[in-house]
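Note that the structure is predicted; figures quoted are calculated from it, not measured. Both counts, for ligands and for their atoms, begin at 1 and track the order of listing.
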Amino acid sequence: LSPTRASSATWASCWPDSPPGRGSLSRMVVAIDGPAGAGKSTVARALARALGFIYLDSGAMYRAVGLMTLRQGGAASERAEELELQIGERVLANGEDVTEAIRAPDVSEAASKVATNPGVRAALVKKQRELLSDGDWVVEGRDIGTVVAPEAAVKVFLTASPEERARRRADELGTDVDTVLRDQALRDAQDTAREHSPLAVAPGAVELDTDGLTVEQVVERIARLVEASR
Ligand code: DC
């Protein structure tokens, strides 16, 4: 699994190696959790770029397992354990570029389903923790602040109204809002009600409602939290 370091921008160029006040051996994790369509990906990517941190989209891992399970069948936990992932600008699963394939609606549904499987979660959480053991990261998902990295220096729970989230996703996919709203309600229910690591606000997380805020405003607020935690 080899994610890319976000290209350096303003802050990173000021502090190329070790930001002020932090030892060179320290690491920092910024956990960004929340429901689909709250703006996690856009915000997490932009934040990683601004800070010079590595960006990890943990949802892409569940999507890759969903895709492989749809295609190959069998136990989803086995598909998760055998999965070789490279996540950067492109997502490679077992050597194949699945960047577009994992965004298909049937794969979204399959990802949400395999995410309820404790064996799948254990395999992916293990891979995520291995990655996060070194370096500075912005990680987005559903259970980053609660399970994967409860010790994260900054934990954010991003939200937005269901209508706003559906509108954003419909824009992204080029589909109609009503269909997205219906699918979204289903996935929200599945993600929140599942027995293992349901979507929940982590203790110590800052809840941020992105309705009416620009991406820049959200990124700036989280960047201030990161600054305050250094
Ligand atoms: O963020 P996303 O829509 O790409 O996530 C795909 C699915 O994976 C979604 O149903 C929630 C699940 N997921 C999860 O359970 N835990 C994570 N850390 C990330 C995603």
Side-chain angles (χ1 to χ4, degrees), residues 1 3 29-45 47-48 55-70 76-77 79-80 83 85 87-88 90-91 93 98-132 137-150 152 155-160 162 164-166 168-173 175 180-202 205 210:
L1 190 68
V29 173
V30 179
I32 302 194
D33 291 304
K40 293 189 304 292
S41 298
T42 313
V43 166
R45 251 178 231 282
L47 181 71
Y55 163 68
L56 180 63
D57 172 8
S58 66
M61 300 170 78
Y62 288 90
R63 287 173 177 274
V65 175
L67 176 66
M68 292 307 164
T69 308
L70 274 183
S77 55
R79 301 290 80 79
L83 191 68
L85 273 173
I87 302 187
R90 313 288 301 171
V91 179
V98 295
T99 315
E100 278 83 31
I102 59 169
R103 301 292 155 193
D106 60 333
V107 178
S108 298
E109 183 47 35
S112 183
K113 193 159 164 232
V114 299
T116 63
N117 179 319
V120 170
R121 301 207 70 86
L124 296 189
V125 168
K126 183 165 175 272
K127 288 180 204 279
Q128 290 153 13
R129 286 191 181 144
E130 278 164 14
L131 282 170
L132 303 185
W137 296 83
V138 176
V139 192
E140 65 150 301
R142 305 292 193 289
D143 62 342
I144 308 305
T146 50
V147 175
V148 177
K155 296 183 235 178
V156 176
F157 193 87
L158 276 195
T159 56
E164 173 69 15
R165 289 163 46 212
R168 290 178 190 164
R169 190 125 292 193
D171 278 355
E172 223 173 79
L173 298 172
T175 49
V180 176
L181 204 53
R182 219 176 29 244
D183 291 352
Q184 178 180 275
L186 208 87
R187 280 217 287 148
D188 278 357
Q190 201 153 261
D191 292 343
T192 315
R194 71 179 175 223
E195 187 184 348
H196 304 281
S197 310
L199 175 65
V201 183
T210 65

Next on the checklist: Could you check whether S197 and R142, counting side-chain N and O atoms only, form a donor-acceptor pair closer than 3.5 Å?
Outcome noted: no

Checklist entry - If you count only heavy atoms, which residues are under 4.0 Å from ligand 1? => result S58, G59, Y62, R63, R103, A111, S112, A115, R121, G141, R142, D143, R187, D191, R194

Next on the checklist: Does either side chain, that of T146 or that of D33, offer a donor lying less than 3.5 Å from an acceptor on the other one?
Outcome noted: no

Checklist entry - Are side-chain N/O atoms of E140 and S58 paired as donor and acceptor at under 3.5 Å? => result no

Item to check | SB check R90 E100 (cutoff 4.0 Å) | outcome: yes

Checklist outcome for this item: Scanning both residues in full, the closest heavy-atom pair of V65 with A76 reads CG1-O, 3.7 Å

Checklist entry - Is the number of heavy atoms from other residues, nucleotides or ligands within 6.0 Å of CD (E130) greater than 12? => result yes

